[in-house]
Amino acid sequence: MRLEVVSNDQLTPHLQRLVLTAPELGSFSYQPGQDVMLMVAVDGNRPVRRRYTIRDLDPARQRLTMDIVRHGDGPGESWVRAARPGDTIEGIGPRGKIFPAQDADWHLFAADESGLAAVFAMISSLPAGTRAIALLEIPEPADQQPLDAKAHVDLRWLPRTAGDGDGPIPPAGDPERLAAALTGIRLPDGHGHAYLFGEARVVLALREMLASRGLAADQVSPKAYWGRGKANASHGEPARDS
């Protein structure tokens with residue numbers, strides 16, 4: 001698709017809300033948790049792409065909403081910061097194989113800020129009466145957002161700083177923070193499903209922890225969005241050795 005920027009606004013101190021439009025969005029369909037891959041730059045003859053989760057879609061208005069983390073000066077970040085209404089960009093989608101498990105009695109989400117859009121999109125799609133637990137690591141309290149959901153949600157924000165302006169905000173990517181929060185969670189009865197989003201080593205550590213607590217491999221959907229200290233590859237995914 002040739003997508004055009006409708007608006008680009010700062011949603012929280014570390015999250016940018018990007019709204020795009022294209023005629024194809026009138027008939028576009030996707031599963032909550034899937035993404036669109038944007039060609040944010042060109043490196044020589046090679047396209048540089050980044051994948052961003054679909055936060056919302058309005059087919060009637062042909063508008064696609066993405067909430068994108070403001071975290072540095074990589075090619076995706078640079079394009080997002082500079083994007084203005086009327087700018088265009090190539091997009092490919094929907095992509096991704098992780099979306100809410102239909103047979104689960106309860107859902108557990110653990111993510112850093114890079115996974116917020118996926119977690120919110122997936123939880124918002126759950127029907128009334130469904131139970132969900134969400135452990136969401138964010139840079140500071142001001143990055144919290146209201147969640148509109150029909151499901152019963154135990155939502156726990158885990159800011160890395162008190163947000164009082166004293167000292168720098170610790171970076172994401174420390175397995176101990178989310179692991180400590182997950183250790184204190186009592187898993188509900190019944191057949192559950194867990195979704196893990198964020199830094200590659202954190203996702204691996206959480207996956208191993210859940211296995212030790214009795215969740216089978218087919219009850220866990222892990223997705224590494226980035227690797228600490230390494231730029232994602234040109235196709236938008238973390239490098240394989242991260």
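One-based numbering along the sequence shown. Reckoned from all heavy atoms, side chains included, excluding hydrogens, waters and symmetry mates. Everything numeric in this text was worked out from a predicted model, so none of it was measured.
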>> Determine whether Glu90 and Arg49 satisfy the following criterion, salt bridge (Lys or Arg N to Asp or Glu O under 4.0 Å), listing intermediate values before the conclusion.
In response: CA-CA 9 Å; Glu90 178 192 283; Arg49 306 182 190 274; 2.5 Å; yes
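- Annotation for Glu137 and Ala172: closest pair OE2-CA, 3.8 Å, computed over non-hydrogen atoms.
- In plain terms, the two heavy atoms of Val119 and Ala134 that are nearest each other are CG1-CB, 4.4 Å.
- Val48 places none of its side-chain heavy atoms less than 4.5 Å from the side chain of Val42.
- For Asp105 (side chain) and His191 (main-chain N/O), a donor-acceptor pair under 3.5 Å exists by modelled atom type.
- Across every non-hydrogen atom of Pro222 and Val203, the tightest pair is CB-CG1, 3.5 Å.
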>> Please evaluate residues Leu136 and Arg156 with respect to the criterion side-chain contact (heavy atoms from CB on, under 4.5 Å), reporting the C-alpha separation (whole Å), side-chain torsions for both, the decisive distance (0.1 Å), and the verdict.
In response: CA-CA 6 Å; Leu136 302 178; Arg156 307 190 187 193; over 6 Å; no
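- Atoms CD and CG, on Glu113 and Leu158 in that order, are 11.0 Å from each other to the nearest 0.5 Å.
- The side-chain heavy atoms of Ser125 and Pro100, taken from C-beta on, include a pair separated by under 4.5 Å.
- Note: the hydrophobic cluster containing Met66 also contains Trp79 (ILVMFWY, side chain heavy atoms under 4.5 Å, direct or indirect links).
- Put simply, the side chain of Val5 reaches to within 4.5 Å of the side chain of Leu20, judged on heavy atoms.
- Considering CD1 of Ile68 and OG1 of Thr53, their distance stands at 9.5 Å, rounded to 0.5 Å.
- By the side chain to side chain donor-acceptor pair (under 3.5 Å) test, Gln10 is found to be paired with no residue, residues two or more places apart in sequence or in another chain being considered.
- Counting heavy atoms of neighbouring residues, nucleotides and ligands inside a 6.0 Å radius, atom CG of Asp43 does not exceed 12 of them.
- In summary, the side chains of His193 and Ser221 do present a donor paired with an acceptor at a separation below 3.5 Å, with no hydrogens or angles considered.
- At least one side-chain heavy atom of Ile98 sits under 4.5 Å from a side-chain heavy atom of Phe197.
- In the model, Gln16 has a side-chain atom that pairs as donor or acceptor with a side-chain atom of Asn8 under 3.5 Å.
- Residue Asp35 holds its CG atom at 15.0 Å from CZ of Arg55, rounded to the nearest 0.5 Å.
- Here the straight-line distance linking atom CG of Leu64 with atom CD of Glu4 works out to 13.5 Å at 0.5 Å rounding.
- In the displayed structure, Arg207 atom CZ is contacted under 6.0 Å by at most 12 heavy atoms of other residues, nucleotides or ligands.
- Phe109 and Val202 fall into different hydrophobic clusters, where Ile, Leu, Val, Met, Phe, Trp and Tyr side chains are chained together by heavy-atom contacts under 4.5 Å.
- Cluster membership for Phe120 and Tyr225, using ILVMFWY side-chain heavy atoms within less than 4.5 angstrom, is shared.
- Between Arg2 and Glu24, none of the side-chain N atoms (NZ, or NE/NH1/NH2) sits under 4.0 Å from a carboxylate O, so this pair counts as no salt bridge.
- Both Leu182 and Leu178 are assigned to one and the same hydrophobic cluster, defined by single-linkage of ILVMFWY side chains at heavy-atom distances under 4.5 Å.
- A side-chain donor-acceptor contact under 3.5 Å links Arg160 to the backbone of Pro170.
- Not one N or O on the side chain of Thr130 forms a donor-acceptor pair closer than 3.5 Å with the backbone of Leu126.
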> Between Arg70 and Arg81, does a side-chain contact (heavy atoms from CB on, under 4.5 Å) hold up when you go through it step by step?
Replying inline: CA-CA 8 Å; Arg70 298 162 55 99; Arg81 285 182 180 273; 3.1 Å; yes
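- Looking only at distances, no side-chain donor or acceptor of Gln31 sits under 3.5 Å from a matching main-chain atom of Phe99.
- Between the Tyr195 side chain and the Lys223 main chain, no donor and acceptor come within less than 3.5 Å of each other.
- Residues Trp106 and Leu196 fall within the same hydrophobic cluster, defined by Ile, Leu, Val, Met, Phe, Trp and Tyr side chains chained together at heavy-atom separations under 4.5 Å.
- A donor and an acceptor atom, one from each side chain of Trp157 and Asp143, are nowhere located under 3.5 Å apart.
- Annotation: side chain to side chain donor-acceptor pair (under 3.5 Å) contacts of Thr65 (sequence neighbours excluded): none.
- Of the possible polar contacts, none joining the Glu208 side chain to the Ala205 backbone as a donor-acceptor pair under 3.5 Å is found.
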>> side-chain contact (heavy atoms from CB on, under 4.5 Å) for Leu155 and Ile123? Distances and angles first, verdict last.
In response: CA-CA 10 Å; Leu155 176 57; Ile123 290 179; 5.8 Å; no
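- For Asp87 against Ala82, the heavy-atom pair with the smallest separation is OD2-O, 3.9 Å.
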>> Run Gln145 and Leu11 through side-chain contact (heavy atoms from CB on, under 4.5 Å) and show every step you take.
In response: CA-CA 9 Å; Gln145 305 171 49; Leu11 184 62; 3.7 Å; yes
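- Separation of atoms CG (Leu38) and CD1 (Ile89) is listed at 4.5 Å; rounding is to 0.5 Å.
- If you take CZ on Arg177 and CG on Leu135, they are separated by 14.0 Å, rounding to the nearest 0.5 Å.
- Closest non-hydrogen pair, Ile133 versus Arg186, comes out as CD1-O, 4.4 Å.
- Ion pairing between a basic and an acidic side chain is recognised when a charged N comes within 4.0 Å of a carboxylate O; Arg17 and Asp9 show no such pairing.
- With Ser124 contributing its side chain and Ala121 its backbone, the two residues share no donor-acceptor pair below 3.5 Å.
- Looking only at side-chain heavy atoms (C-beta outward), Asp112 and Glu199 come within less than 4.5 Å of each other.
- Put simply, the side chain of Leu15 reaches to within 4.5 Å of the side chain of Val69, judged on heavy atoms.
- You'll find the side chain of Ile169 reaches within 4.5 Å of the side chain of His14, heavy atoms only.
- Heavy-atom minimum distance, Val153 versus Ala149: CG2-CB, 4.1 Å.
- Between Phe28 and Leu57 the shortest side-chain heavy-atom distance falls below 4.5 Å.
- Within a 6.0 Å radius of CG in Asp103, more than 12 heavy atoms belonging to other residues, nucleotides or ligands are found.
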